[in-house]
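Numbered from 1 within each chain, the chains take letters A, B, ... in sequence-line order. For clarity, every value in this text was computed on a predicted model and none was experimentally measured.
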There are 2 protein chains.
Amino acid sequence: MTTPLPYRQHDHAHCVEHALADAREICKRSGARLTPIRERVLQLIWQSHQPLGAYELLAALSQDGHQAAPPTVYRALDFLQQHGLVHRIASLNAFVGCPHAGRAHTGCFLICQTCRNVLELTGKEISAAIEQQSQRQGFRIDHVIVEISGQCPACQQAAANS
Amino acid sequence: MTTPLPYRQHDHAHCVEHALADAREICKRSGARLTPIRERVLQLIWQSHQPLGAYELLAALSQDGHQAAPPTVYRALDFLQQHGLVHRIASLNAFVGCPHAGRAHTGCFLICQTCRNVLELTGKEISAAIEQQSQRQGFRIDHVIVEISGQCPACQQAAANS
DNA sequence: AGCCGAACTGTTATATTGTTGCAATCCCTC
DNA sequence: GAGGGATTGCAACAATATAACAGTTCGGCT
Ligand SMILES: [Zn+2]
Ligand SMILES: [Zn+2]
Ligand SMILES: [Zn+2]
Ligand SMILES: [Zn+2]
């Protein structure tokens with residue numbers, strides 16, 4: 001078994017470039033305006049695979065010399081969420097970049113409690129099971145949240161070696 | 001298809017009685033103290049199948065004539081969660097009684113955005129799919145959140161008839 | 001019964017997260 | 001270059017959750 005992204009070393013600059021390029025393309029196609037603030041917030045979120053809180057983003061914007069208040073950040077986050085560029089992790093009150101932006105998917109998040117990195121799965125098995133069980137109850141689905149907290153393979157190994 | 005609980009009329013007093021009796025039994029067996037505050041909070045939560053926020057509980061306790069501050073409620077909620085008597089719904093910042101207290105299960109919540117009622121599923125299909133996908137990534141699971149927002153059968157029917 | 005330590009509760013203050021409302025500005029279109 | 005919608009700046013506020021510490025209650029023990 002190879003440790004999956006993002007739980008191992010990788011060329012993260014590539015993740016960021018890819019995410020930003022995708023974002024520009026997606027916004028262009030849908031006629032949405034990826035303004036400097038929005039792009040900067042997206043870039044900040046993609047600093048790592050660890051979700052960032054709104055007020056952490058706010059602090060980072062202030063460090064830029066950019067005057068910013070909470071609504072600035074929340075509005076940018078709303079925009080990015082609406083266009084599928086970031087996801088909110090409800091159990092952390094934090095936001096993470098979506099590696100599958102543009103492709104239809106139901107996020108399913110593996111959250112390592114040790115290194116804080118988050119992996120977004122897209123396998124159909126889980127969403128299929130959820131749809132089946134909901135349908136059995138006659139329930140019409142709008143939105144699904146699946147957040148799995150635990151320990152990633154890298155951190156398990158690190159813990160075992162100590 | 002019959003509309004499932006809690007989305008149809010039912011003898012809810014029975015739900016409450018059952019939940020409280022279960023809670024007393026579970027606490028007795030584990031040597032935990034179901035104090036008056038804790039029991040009252042549990043009873044308040046079971047007023048309905050709609051999740052209650054901590055500050056709604058706080059207001060209700062105050063109406064009792066009980067002087068209460070946020071820590072009172074949060075401590076009671078912590079206790080009830082630790083003993084599996086209530087669940088926190090992360091997407092609502094609210095708490096709902098667990099109808100399967102005492103039995104090992106991974107909650108999976110169907111949240112009606114119209115009537116606010118929440119049904120907790122316990123089918124194994126979803127958790128099995130989650131465990132399988134996590135294992136495939138080498139991820140060790142601590143805790144799983146599945147929250148499905150949408151519309152319950154009763155509210156779908158009501159919407160169709162208008 | 002009386003004592004002790006742990007658990008529980010009261011109280012105040014504070015931290016964290018998210019929203020409302022309105023004015024000013026920007027950008028695209030006509 | 002005017003009109004109008006989207007975006008941003010800004011101030012205040014609302015909602016949710018926690019920290020710290022003092023007082024009280026409870027159950028087991030002598
Ligand atoms: Zn990366
Ligand atoms: Zn990890
Ligand atoms: Zn009921
Ligand atoms: Zn409903």
Side-chain angles (χ1 to χ4, degrees), chain A residues 23-24 26-45 50-83 85-96 116 145 147, chain B residues 23-24 27-42 44-45 50-83 85-96 116 145 147:
Chain A
R24 288 187 203 104
I26 288 167
C27 289
K28 191 172 183 180
R29 220 169 349 195
S30 69
R33 289 167 55 193
L34 188 61
T35 63
I37 291 181
R38 291 166 176 173
E39 184 166 344
R40 178 65 177 137
V41 168
L42 182 59
Q43 187 185 39
L44 285 166
I45 286 178
Q50 303 169 357
L52 273 188
Y55 280 75
E56 291 175 297
L57 290 166
L58 187 54
L61 284 180
S62 297
Q63 290 238 335
D64 285 0
H66 198 292
Q67 75 277 57
T72 306
V73 172
Y74 281 103
R75 286 190 287 227
L77 289 169
D78 284 347
F79 174 90
L80 295 172
Q81 282 181 91
Q82 271 162 24
H83 292 80
L85 301 173
V86 309
H87 295 291
R88 179 171 192 273
I89 309 292
S91 56
L92 299 175
N93 295 332
F95 302 82
V96 73
R116 308 268 172 217
I145 292 177
E147 298 177 12
Chain B
R24 289 188 202 102
C27 289
K28 191 172 183 180
R29 221 171 347 194
S30 69
R33 289 167 55 194
L34 188 61
T35 63
I37 292 180
R38 291 165 177 173
E39 185 167 343
R40 178 65 178 137
V41 168
L42 183 59
L44 286 166
I45 286 178
Q50 303 169 357
L52 273 188
Y55 280 73
E56 292 175 295
L57 290 166
L58 188 53
L61 284 180
S62 296
Q63 289 238 336
D64 285 0
H66 197 293
Q67 75 278 56
T72 305
V73 172
Y74 282 103
R75 286 191 287 229
L77 288 170
D78 283 347
F79 173 90
L80 295 171
Q81 281 181 92
Q82 270 161 25
H83 291 80
L85 302 173
V86 309
H87 295 292
R88 178 170 194 274
I89 308 293
S91 56
L92 299 176
N93 295 331
F95 302 83
V96 72
R116 307 269 173 218
I145 291 177
E147 299 177 11

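- Not counting sequence neighbours, the partners of A/A54 by the side-chain contact (heavy atoms from CB on, under 4.5 Å) test are A/V73, A/Y74, A/L77, A/F95.
- Nearest nucleotide to the side chain of B/I37, out of D/dC26, C/dG10, D/dT7: C/dG10.
- Rounded to whole Å, the distance from CG on A/D64 to C1' on D/dG9 is 16 Å.
- Taking only side-chain atoms of B/R88, from C-beta outward, the nucleotide of D/dA6, C/dG18, D/dT16 with the closest atom is D/dT16.
- Between the P atom of D/dC26 and the CG atom of B/L34 lies a distance of 14 Å, rounded to the nearest Å.
- Using a 4.0 Å cut-off, some side-chain N or O of B/R38 falls inside it from OP1 or OP2 of C/dT9.
- Across the interface with DNA chain C, nearest-nucleotide mapping of B/A32 and B/A68 shows B/A32 to be the residue nearer the 5′ end.
- Regarding B/L92, its CG atom lies at a distance of 14 Å from the C1' atom of D/dA15, rounded to whole Å.
- For A/T72, no side-chain nitrogen or oxygen approaches OP1 or OP2 of D/dT8 to under 4.0 Å.
- Listed here is the closest heavy atom pair of A/H83 and A/I26: O-CG2, 4.3 Å.
- Computed from coordinates, the B/Y55 OH to D/dA14 P distance equals 14 Å when rounded to whole Å.
- The A/P71 side chain lies nearest to C/dT19 when the options are C/dT19, D/dG9, D/dT18.
- Contact annotation: A/Y74 reaches the phosphate of C/dG18 (side-chain N/O to OP1 or OP2, under 4.0 Å).
- Atoms CD and CZ, from A/E39 and A/R33 in turn, are 13.5 Å apart once rounded to the nearest 0.5 Å.
- One can place CG of A/D78 at 14 Å from C1' of D/dT8, the figure rounded to the nearest angstrom.
- When heavy atoms are screened at a 4.0 angstrom cut-off, A/R75 is found touching base atoms of the nucleic acid.
- With sequence neighbours left out, the side-chain contact (heavy atoms from CB on, under 4.5 Å) criterion links B/A59 to no other residue.
- Atom pair B/R40:CZ and C/dT9:C1' shows a separation of 18 Å (rounding to whole Å applied).
- For D/dT8, the OP1/OP2 oxygens have a side-chain nitrogen or oxygen of A/T35 closer than 4.0 Å.
- One interatomic measurement links the two molecules: CD1 of B/I89 to P of D/dT16, which rounds to 15 Å at whole-angstrom precision.
- Separating the CG atom of A/L58 from the C1' atom of D/dC10 is a distance of 13 Å, rounded to the nearest angstrom.
- Contact annotation: A/N93 reaches the phosphate of C/dG18 (side-chain N/O to OP1 or OP2, under 4.0 Å).
- With the nearest nucleotide of DNA chain C identified for both B/P70 and A/A94, B/P70 has the one nearer the 5' end.
- Side chain of A/S62 to backbone of A/L58: a donor-acceptor contact under 3.5 angstrom is found.
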